[in-house]
Participant: 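Below: one structure in structure tokens.
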Protein chains: 2
Amino acid sequence: MHPHGQNLSDEIYTLLKSKILRGEYKGGEKIPEEHLAKEFGVSRTPIREAVRRLGEYGLVDIKPRCYAVVSSISEKEAADIARVRIDLECLAIDLITPKNLEANLKDLARHAAECQYAADIDDRAGIFIQDSLFHLSLVKASDNITLYNVYERLEIKIQQLRVNQNLYSPELKDYIKQHGTIMSLLKEGKKQECKNLMYEHIIHETCPEDLKL
Amino acid sequence: MHPHGQNLSDEIYTLLKSKILRGEYKGGEKIPEEHLAKEFGVSRTPIREAVRRLGEYGLVDIKPRCYAVVSSISEKEAADIARVRIDLECLAIDLITPKNLEANLKDLARHAAECQYAADIDDRAGIFIQDSLFHLSLVKASDNITLYNVYERLEIKIQQLRVNQNLYSPELKDYIKQHGTIMSLLKEGKKQECKNLMYEHIIHETCPEDLKL
DNA sequence: TTATTCCTTATTGTATACAATAATAAAAGA
DNA sequence: TCTTTTATTATTGTATACAATAAGGAATAA
């Protein structure tokens, strides 16, 4: 294994997380430490640390002294996640000052553009990645580190949701276009309008069709 | 060491957390694994797991390959925490249904009463503990597991804030009385009024006097 | 066949040893 | 004296060994 991080635990964590978020390990699947250790060619120690960290993020469920399984997301939990997500992003919109918007506009615009590009070439994984980065940048622009930390954790579950429930629809491309409108409304300081749009935007991005909030 | 949990890691985690939240280990203090291992009479392994978990909760800062220190909270971060807290609790108020309120009212009333009692006998630690439990119960009544998880994490930082900044004032006793009003407003379904009161309540509970949000 | 007990295996939990790195102190050079 | 280099120590990172527990299956009794 070629080390390109600071330590093995961090590497394994990143690797394992991406494997779960790509659906390579599926919900409910057992992931014994020994097995992963052999697969990644390291000892159980860094594996164990990575798995436990993923446990903190809710990506794996750890049954003490038994085993760890990749977590699943129920419909109810999916709706719960979407509801909290809306609230946090709306708080971010409220907190964004013109100055902080200015400082983050370049990032926002770049991710919006790259998300659009991914949609144009029908790169589904790319859409989700760039969309995530757009929304993370928006929250970052709030300049509230606690809000960012909280949102960052939630974002991981949102990614898992997207993979698990295969949240891709043809209409998604239309909703991606809303990123531009969101930026415009932010620039014009029309916060209430922006929040209303965000509500609609997130519902369509995050929720299974028939889900009611 | 008398084991009374499932495993040592969890025990050490709980113990270390409470020591930090009681101010026994102060912000900025180095906590070498070996040192803690001797203090608790166990090997480095469970210590290490506990410390890394506390790192995920933001109670310790881990400098890779160097050392871990108990984290400190800046004034800016304190304000950030309070702002997010207000938002999350107001979301909880919005989500509480009459049915779920009913199911959690006994807990709410009990913690409110015990908080009041702690104030009467001037038990400062008790006030904070029961107050925390009151607010956690309120969030739990929202029946949104994601909201609860997110809030639970934040709550740990709130406790740290209270210890670090010694957030105790004579007026606190007055604000504790608001718990009763909050419950009444919830029962009457006066959500907007309840949220307004919660805003004021949290500001006075969580913020250093001169802090502006 | 169905339940129950026992044994085997799989898996985690903890301690320990050693390597790698960073912090600290001491020594050398200017 | 002050800076730079070198050596020493403190601390983390990783591998490994073994104990403790849980899971699964085979043997036994009904």
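First the proteins, then the strands, lettered A, B, ... as listed; each starts at 1. As the structure is a prediction and not an experimental result, all values here were calculated from the model.
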Participant: Does A/Arg153 make a cation-pi contact with A/Tyr57 (under 6.0 Å, within 45 degrees of the axis)?
Facilitator: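 The answer is yes; both the distance and angle limits are met.
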Participant: Does B/Arg48 come within less than 4.0 Å of A/Glu49, counting only side-chain N to carboxylate O?
Facilitator: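 Between A/Glu49 and B/Arg48 there is a salt bridge, with a charged N closer than 4.0 Å to a carboxylate O.
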Participant: So, applying side-chain hydrogen bond (donor to acceptor under 3.5 Å, both in side chains) with B/Gln159, which one of B/Glu155, B/Lys157, B/Arg162 is it?
Facilitator: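 Only one of B/Glu155, B/Lys157, B/Arg162 forms a side-chain hydrogen bond (donor to acceptor under 3.5 Å, both in side chains) with B/Gln159, namely B/Glu155.
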Participant: Only counting residues at least two apart or in another chain, list the ones meeting ring pair (Phe, Tyr, Trp, His ring centres under 6.0 Å) with B/His179.
Facilitator: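 Only B/Phe134, B/His135, B/His201 meet the ring pair (Phe, Tyr, Trp, His ring centres under 6.0 Å) criterion with B/His179.
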Participant: Could you run through nucleotides 10-16 of chain C and give me one letter per nucleotide, 5' to 3': B if any protein heavy atom sits under 4.0 Å from the base, S if only the sugar-phosphate is that close, - if neither?
Facilitator: -SBBBBB
Participant: Atom CG in B/Leu54, atom OG in B/Ser71: separation rounded to 0.5 Å?
Facilitator: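 So the CG of B/Leu54 and the OG of B/Ser71 are separated by 9.5 Å.
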